[in-house]
Asker: 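Pasting a structure below so you can have a look.
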Amino acid sequence: MPETPQPTPIPWEYSLHIPNDPRAVTVTRRTLRLILTLHGLIGLVDTAELLATELISNAVLHTEGPAALRVRFSAGVLRIGAWDADPAPPEPPVPLEPAVDREEGRGLALVKACSDLWGWQPLSRNGNRGKVVWCELATSGGQFATSTSAIS
């Protein structure tokens, strides 16, 4: 019996603008959990929460301005991006093994280890400068797209 083709999910995108406040990390994590649960992507919630927490924590801890979380789902790929107003590149991830006992400095190493693809890109819009650090997770049934364009 031939399988009935499953409908392609409609792409969606959310943005959450946050102040430079450590409490914003919790708001971001809970908002992301709600978004993914409502879209039926519960299998990605734990990993996506970890990744978003690391990205937004870096934006809040290492910059002085506002930040934003952007979440997009398209073609079976979830992209999580954290924007901040500092155009300086993020520090490269350190190897995870020596950083296990450290209190900080493991964020991008975790992002690199837990995502399918990650990167960063400087941004400039309307005279404002900054950067976005992003990562992607493919759903088990989706085809992973290796696009390198940043969330803008």
Side-chain angles (χ1 to χ4, degrees), residues 3-18 24-63 66-125 129-152:
E3 289 187 28
T4 306
Q6 297 296 318
T8 304
I10 297 171
W12 48 262
E13 184 174 307
Y14 293 86
S15 295
L16 176 64
H17 297 271
I18 59 172
V25 176
T26 300
V27 171
T28 299
R29 188 173 47 247
R30 290 181 180 168
T31 302
L32 179 63
R33 175 173 285 274
L34 181 60
I35 291 168
L36 296 179
T37 300
L38 291 174
H39 282 284
L41 297 172
I42 193 70
L44 295 180
V45 168
D46 291 336
T47 303
E49 274 186 326
L50 171 68
L51 296 171
T53 298
E54 294 302 333
L55 295 177
I56 290 296
S57 292
N58 284 346
V60 169
L61 292 174
H62 301 295
T63 67
L69 176 76
R70 197 146 188 200
V71 183
R72 180 176 68 197
F73 183 77
S74 180
V77 176
L78 178 69
R79 180 175 273 213
I80 303 166
W83 169 85
D84 65 61
D86 183 358
E91 292 291 324
V94 296
L96 217 44
E97 294 77 28
V100 169
D101 295 330
R102 293 173 53 188
E103 287 293 318
E104 55 185 50
R106 299 174 300 187
L108 286 180
L110 286 170
V111 170
K112 181 179 178 183
C114 296
S115 65
D116 295 312
L117 188 64
W118 81 278
W120 78 277
Q121 199 159 358
L123 296 176
S124 179
R125 180 181 288 163
R129 298 178 60 197
K131 70 177 168 295
V132 65
V133 182
W134 54 268
C135 62
E136 292 183 346
L137 292 172
T139 58
S140 58
Q143 294 185 1
F144 184 66
T146 57
S147 66
T148 57
S149 63
I151 298 173
S152 53

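Numbers for residues simply follow the sequence, beginning at 1.
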Asker: Look only at the side chain of K131 and the backbone of D84, and say whether a donor-acceptor pair between them is shorter than 3.5 Å.
Answerer: no
Asker: Minimum heavy-atom separation for W12 and L36, please, with both atom names.
Answerer: CH2-CD2, 4.0 Å
Asker: Any side-chain heavy atom of L78 sitting closer than 4.5 Å to one from V71?
Answerer: yes
Asker: I would like to know whether L137 and L51 meet side-chain contact (heavy atoms from CB on, under 4.5 Å); could you show each step before the answer?
Answerer: CA-CA 10 Å; L137 292 172; L51 296 171; 3.9 Å; yes
Asker: Out of curiosity, I56 CD1 to L16 CG, how far, rounded to the nearest 0.5 Å?
Answerer: 7.5 Å
Asker: Grab the two heavy atoms, one from L55 and one from C135, that are nearest each other, plus how far apart they are.
Answerer: CD1-SG, 4.0 Å
Asker: Please check: side-chain N/O of D116 versus main-chain N/O of A138, any donor-acceptor pairing under 3.5 Å?
Answerer: yes
Asker: Is the shortest side-chain N to carboxylate O distance from D46 to R33 below 4.0 Å?
Answerer: yes
Asker: Out of L38, T31, T37, which one pairs with I35 under the side chain to side chain contact (heavy atoms under 4.5 Å, CB included) rule?
Answerer: T31
Asker: Shortest non-hydrogen contact from C114 to T47?
Answerer: O-CG2, 3.7 Å
Asker: Any chance you could lay out the side-chain contact (heavy atoms from CB on, under 4.5 Å) test for Y14 and H39, step after step, and finish with the verdict?
Answerer: CA-CA 12 Å; Y14 293 86; H39 282 284; 2.9 Å; yes
Asker: So among V25, L110, L108, which one has a side chain to side chain contact (heavy atoms under 4.5 Å, CB included) with E54?
Answerer: L110
Asker: What are the two closest heavy atoms between W120 and W134, and how far apart are they?
Answerer: N-NE1, 3.8 Å
Asker: Closest heavy-atom contact between S115 and V111?
Answerer: OG-O, 2.6 Å
Asker: As an exercise, state the distance from CZ of R29 to CG of L69, rounded to the nearest 0.5 Å.
Answerer: 12.0 Å
Asker: Could you report the tightest heavy-atom contact between A68 and I18, atom names first, then the distance?
Answerer: N-CG1, 4.2 Å
Asker: Going from CG on L50 to CD1 on I80, what distance comes out if it is rounded to the nearest 0.5 angstrom?
Answerer: 9.5 Å
